[in-house]
Amino acid sequence: MRGRRIRAALVHEARLRWPVSADLNATLAGQRVLAVQRRAKYLLLRLTRGTLLVHLGMSGNLRLLPQASARLKHDHVEIQLDSGLALRLNDPRRFGSVLYTSEDPLAHPLLRELAPEPLEEGFDGAYLHAVTRRRRVAIKLLLLNSRLVTGVGNIYASEALLHARIRPRRAARTLKVADCTRLAAAIRRVLGAAIRAGGTTLRDYVGADGEPGYFRQRLYVYERAGLPCRRCRTPIRQITQGQRSTYYCPQCQQ
DNA sequence: ACGCCCTCCTGTTGGC
DNA sequence: TGCCAACAGGAGGGCG
């Protein structure tokens with residue numbers, strides 16, 4: 001998309017996680033895409049005069065395809081380019097978002113307080129140790145708090161804790177430096193491996209290339225309740241934390 | 001400040 | 001076959 005000019009923006013359904021601006025077309029038309037970036041799980045389309053922030057939520061998907069191609073059910077927003085292609089957001093659950101800001105996007109209220117990038121410098125045991133002090137919340141729930149850790153969703157939280165050998169219900173404040181060092185390394189390793197595998201397709205996720213991700217085959221605990229742990233063969237347990245499923249190995253994770 | 005719960009929404013699955 | 005409840009990849013908001 002870089003270098004293309006936006007011809008028009010169509011909003012078929014404005015009721016996403018946040019209402020899509022009614023002025024989106026007037027705002028975007030004529031602007032050029034200068035760069036495409038990412039911050040946590042937000043995509044940033046840097047435009048001539050501002051930035052379009054896109055979040056896929058749980059079920060969102062972006063496709064870049066000929067503008068004339070048929071619109072699918074749940075195609076909510078379409079950005080038409082001067083190349084004849086159009087970027088379409090399809091999102092059955094509508095937990096995604098499309099927001100425009102003319103200010104510094106990193107200063108936007110939704111991005112301003114996000115935690116450091118886990119794959120950048122500075123995300124290490126010392127960082128995790130610092131943010132887990134005096135927090136009674138279970139470490140697995142802390143990993144889902146985007147003000148403290150970004151990039152780790154429900155799948156990778158369970159996976160990282162398995163690799164770090166930490167029980168998901170353990171109070172964050174009880175983690176020692178050594179635990180935090182293993183956990184930071186496990187998070188980086190899991191995210192890196194998942195990215196290289198193209199992501200984790202549970203049902204219908206496909207990447208920008210239209211291909212599913214293959215990390216599901218490499219999951220150690222997620223969705224494996226009752227199945228043998230891939231490290232020690234002990235049956236994997238499933239529990240609920242914050243109304244979401246957590247999986248862990250009672251033998252490997254102490 | 002923290003921690004917990006609720007919410008948004010549609011689609012799929014499993015039990016009866 | 002139909003109906004209903006439970007659950008699903010996220011994460012902000014409000015409350016105590």
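Naming convention: chains lettered A, B, ... in sequence-line order (proteins, then strands); numbering from 1 in each chain.
- In this structure, A:Arg7 does not pair ionically with A:Asp82, as no charged nitrogen and carboxylate oxygen lie closer than 4.0 Å.
- Ionic pairing of A:Asp179 and A:Arg165 is not present here: no N-O contact between side-chain nitrogen and carboxylate oxygen is shorter than 4.0 angstrom.
- The CG atom of A:Leu114 sits 7 Å away from the P atom of C:dG12 (whole-angstrom rounding).
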For side chain to side chain contact (heavy atoms under 4.5 Å, CB included), just list the numbers for A:His55 and A:Leu43, CA-CA rounded to whole Å, side-chain angles, deciding distance to a tenth of an Å, and then say yes or no.
-> CA-CA 6 Å; A:His55 197 297; A:Leu43 301 172; over 6 Å; no
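- Spacing of P atoms, B:dA1 relative to C:dA11, comes out at 22 Å, to the nearest Å.
- Look at the P atom in both B:dG14 and C:dG9: the space between them is 16 Å, to the nearest Å.
- Between A:Tyr205 atom OH and B:dT12 atom P there is a gap of 19 Å when expressed in whole angstrom units.
- Side-chain atoms of A:Arg182 come within 3.5 Å of backbone atoms of A:Ala164 as a donor-acceptor pair (strictly under, hydrogens ignored).
- Under 4.0 angstrom from either OP1 or OP2 of B:dC9 there lies no side-chain N or O belonging to A:Arg15.
- Taking only side-chain nitrogens and oxygens, A:Ser59 never comes nearer than 4.0 Å to OP1 or OP2 of C:dA8.
- Nucleic acid contact for A:Tyr42: sugar-phosphate only, since backbone atoms but no base atoms lie under 4.0 Å from a heavy atom of the residue.
- At whole-Å resolution of the value, CD in A:Gln238 and P in C:dA8 are 7 Å apart.
- With a cut-off of 3.5 Å on both pairing distances, the Watson-Crick or G-U wobble partner of C:dG2 is B:dC16.
- Across the strands present, B:dC9 finds no partner; the criterion is a Watson-Crick or G-U wobble pair with both atom distances under 3.5 angstrom.
- Ring-to-base geometry places A:Phe95 in a stacked arrangement with C:dG10 (centre distance under 5.5 Å, plane angle under 30°).
- Residue-environment remark: CZ (A:Arg133) exceeds the threshold of 12 foreign heavy atoms within 6.0 Å.
- Toward the 5' end of DNA chain B, the nearer of the two residues A:Arg203 and A:Arg136, judged by each one's closest nucleotide, is A:Arg136.
- Checking C:dA11, B:dG11, C:dA8 against the side-chain heavy atoms of A:Met58 singles out C:dA8 as nearest.
- Between the base of B:dC9 and the side chain of A:Arg93 there is a donor-acceptor pair shorter than 3.5 Å.
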A:Arg17 vs A:Arg94, side chain to side chain contact (heavy atoms under 4.5 Å, CB included): CA-CA, chis, key distance, verdict | CA-CA 6 Å; A:Arg17 177 65 176 83; A:Arg94 289 196 265 129; over 6 Å; no
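- Nucleotide B:dG3 holds its P atom 11 Å from the CZ atom of A:Arg134, rounded to whole Å.
- Within 4.0 Å (heavy atoms only), A:Leu144 reaches no atom of the nucleic acid at all.
- Between A:Arg244 and C:dG10, a side-chain N or O to OP1/OP2 separation shorter than 4.0 Å is present.
- Atom NZ of A:Lys140 is separated from atom P of B:dG3 by 16 Å (rounded to the nearest Å).
- For A:Gln243 and B:dG3, the CD to C1' distance is 12 Å, given to the nearest whole Å.
- Both A:Arg17 and A:Lys73 lie near DNA chain B, and the one whose nearest nucleotide falls closer to the 5' end is A:Arg17.
- Remark: P of B:dC9 and NE2 of A:His12 are 20 Å apart, rounded to the nearest angstrom.
- Among the nucleotides C:dG12, C:dA8, B:dG3, the one closest to any side-chain atom of A:Ser245 is C:dA8.
- For A:Asp204, the side-chain atoms get nearest to C:dG9 when compared with the rest of C:dG9, B:dC6, C:dG13.
- If you measure from atom CG of A:Leu16 to atom C1' of C:dG12, you get 15 Å, rounded to the nearest angstrom.
- Listed nucleotides: B:dT10, B:dG3, C:dA8. Nearest to the side chain of A:His74: B:dT10.
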